[in-house]
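What follows is a short report on a single structure.
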Amino acid sequence: MRLSKAFIPTQKEVPADATIPSHQLMIRAGLMRQLTAGVYSFLPLGLRALMKAMQIVREEMNAIGGQEFLLPALNPESLWIQTGRRDVPNFILSIEERDLVLAPTHEEVIASIAANHIQSYKDLPQIWYQIQTKFRNEPRPRSGVLRGRQFIMKDSYSLDASPEGLDASYEKHAEAYRRAFTRAGLKFFVVGASSGAMGGSGSQEFMVESEFGEDTVALCDACGYAANLEVATSKVEPAARTENGKAVEEIHTPNVKTIDQLAEFLKVDHRRLAKSLVYRHNGQPLLVLMVGNDQLNETKLSAALGGGEVEPMGAEQLRALTGADGGSIGPVGLKGFRVIADKRLEGANNLISGANKNDYHLGNIDLQRDATIEGYFDLRTVEAGEPCPQCLKLLNVTNAIEVGHIFKLGTKYSEALNARFLDENGQSLPIIVGSYGIGIERIVAAFIEQSHDDQGIIWNTALAPYHVHVIAVSMNSKETVLASNQIYRALTEAGVETLFDDRSNASPGFKFMDADVLGMPLQVIVGEKGLRNKQVEIKRRATGERTMVAVDDVVSEVKKLLQG
RNA sequence: CGGGACGUGGCGCAGCCCGGUAGCGCACUUGCUUGGGGUGCAAGGGGUCGCGGGUUCAAAUCCCGCCGUCCCGACCA
């Protein structure tokens, strides 16, 4: 492609709205433009990168026997009502007029096809996938293309007759994802994840470390343990049980509101303190006990409660129910609340907690003796520096971009939509479904996050919109024009995807800067300097390393460099 | 949805406090110039100052309302 004819609007300056490197560079390099919040137009160069990412994913899906579909984005609302997902908040962007919705994902459509056409265990297993645009009612799109209202996703669905079959399909996907992200050049890791409101029995996320990622993960460098913070655990010491359990005593704690104040006031370790958090679960008052300053993990809380709506209790309601304020609530003698506690508190005694009376706390609490605890669950959020649950080495906590997610879904949607098959014994069973997603734009953005410098993007061969960027240093030099055209043609004919800066109105410096912003792996610089010796310069974008090669050897040299 | 910020030619910004001619840099057009790291000079084109209302002789500027965009948080299969 000749730059003199191409629509590749590069910019020196970037809209103030773009705050992270990938977003800024995708705009500076002319890959995309924003249309409205969370919605981007991909320009020709950006589309080429997207297509590269898609093709890698497609090939790896095909390699595991995946069959490509293209499912409609516009869906009848009734399908979603049947699975109960019409009312999931912030999910469906609806087209009211005809009871149509823009599909946020495609389990429903897949299940409806399966319901009509999968009849026998002999039809199974199947892996069906598509690469298609999704729409979601994101309350707050952000970080460029990392979280949008419209985005392209490879979604696939495995249909199996048995849990073992699901396990196999799931494993195939895990393998395909590993290969795809490896080929794309992403430094990724796999974490255990929450299956959340989606339901199902197992789930893993493919993560690319980035300070701008929205997910937080715990990682162990020693043994490879990796988990989303939503489900991560650690081996923190429990709040111990001491020998001599004394009787509960009331302690006057004037103006003590927070755990830190309480620890300071009483001069005791945080681990002796039982913090009370008050919620309503499906409307019912709920007290959650945590150790000292441990952070409650609401994903774990929700899982411990078996789902349902969990929301913090308002201050007025709390006072009405207990007569006390937030900093003075405790489990002893508390009426009308269900009480659950973090596992770290299991068996503990000599604890201090609120007295349900302002300015007072209770000491020497033995949870078994003095309170009614419905259950002990892992409810705390892991923090950096805590011991790894597997090997006890210290955990790291880091942010990451989720580029892929795989789910063992089970039969939730097949049951709702009556997608069943007959097994060997003639018995009708729901199809066992797995669901797997890859964010195509996220592959590109995550790659740019991990591969750029102050000058611009640094593409690898796998994702680069073009492999080689030929620069004609001056279009006023006949020799340069002649040689650069010849090289451009030779490369193109040899099947090398080549961008050719043949603009006559741009200064050499301008062209060099543009080439660095665009970031193709190799730059072939054709100018009078080298041509005097019948040579051109090849620059590797990643390292800045330059070599002079004979004009006649450019094609073979370029091919060699692209391999390595 | 809570907190914060911003909205002025395509992009980045100043002007707003203290009301009175819309301005700068980049980009764009034309001519000359330069030619290995965003050339230089000159002449141009382009803006309902987000939208609506109010105050005023007069509003980009003051007041009210709305909309949009971004950031933090909440939420997120």
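Not measured: the values here are computed from a predicted model. Just so we're on the same page: letters track the sequence lines, and every chain starts at 1.
- Looking at heavy-atom distances under 4.0 Å, A:T83 makes no contact with the nucleic acid at all.
- Here B:U34 presents its P atom at 19 Å from CZ of A:F512, a figure rounded to the nearest Å.
- Listed candidates were B:C70, B:C75, B:G36. Nearest to the side chain of A:N90 is B:C75.
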For nucleotides 11-16 of chain B, print each protein N/O atom paired with a nucleotide N/O atom at under 3.5 Å, atom names and distance only.
residue: B:G12; atom: OP1; partner: A:A16; partner atom: N; Å: 3.1

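- A distance of about 31 Å separates the C1' atoms of B:G73 and B:C63, rounded to the whole Å.
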Quiz: residues 517-526 of chain A side-chain donor-acceptor pairs under 3.5 angstrom, not counting sequence neighbours:
residue: A:Q523; atom: NE2; partner: A:D516; partner atom: OD1; Å: 2.8

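- Across B:A14 and B:G25, the matching C1' atoms stand 11 Å from one another, rounded to whole Å.
- Spacing of P atoms, B:G65 relative to B:C70, comes out at 24 Å, to the nearest Å.
- Here A:K134 lies out of heavy-atom contact (under 4.0 Å) with every strand.
- Nucleotide B:C70 holds its P atom 16 Å from the CZ atom of A:F212, rounded to whole Å.
- The distance from atom CZ of A:R147 to atom P of B:C72 is 13 Å, rounded to the nearest whole Å.
- Among the atoms of the strands shown, none is found under 4.0 Å from any heavy atom of A:G544.
- Atom CZ of A:R28 and atom C1' of B:G10 are 17 Å apart (whole Å).
- Ranked by how close their nearest RNA chain B nucleotide is to the 5' end, A:W80 and A:S143 are led by A:S143.
- Ring pair A:H173/A:F206: centre-to-centre distance not below 6.0 Å.
- Side-chain N/O atoms of A:E528 and base N/O atoms of B:G36 include no donor-acceptor pair closer than 3.5 Å.
- Taking the side chain of A:I525 as heavy atoms from C-beta on, and the options B:G36, B:G38, B:A74, the nearest nucleotide is B:G36.
- Across all strands shown, B:A60 forms no Watson-Crick or G-U wobble pair with both distances under 3.5 Å.
- Put simply, A:T36 has no side-chain N or O that comes within less than 4.0 Å of OP1 or OP2 on B:G68.
- At the phosphate of B:C71, OP1 or OP2 sits under 4.0 Å from a side-chain N or O atom of A:R140.
- Of the candidates B:C70, B:G36, B:G37, the closest approach to any side-chain atom of A:M513 belongs to B:G37.
- Closest to the side chain of A:K539, from the set B:G38, B:G37, B:C70, is B:G37.
- Heavy atoms of A:E230 sit nowhere under 4.0 angstrom from any nucleic acid atom.
- A:R33 comes within 4.0 angstrom of no nucleic acid atom, judged by non-hydrogen atoms across all strands.
- Remark: A:Q34 is in phosphate contact with B:C70, judged by side-chain N or O atoms under 4.0 Å from OP1 or OP2.
- For A:V473, the side-chain atoms get nearest to B:G36 when compared with the rest of B:G36, B:A74, B:C26.
- With rounding to whole Å, A:K12 atom NZ is found 12 Å from B:G37 atom C1'.
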Write down the protein N/O and nucleotide N/O pairs, taken from nucleotides 39-45 of chain B, whose separation is under 3.5 Å; answer none if there are no such pairs.
residue: B:U39; atom: OP2; partner: A:S507; partner atom: OG; Å: 2.1

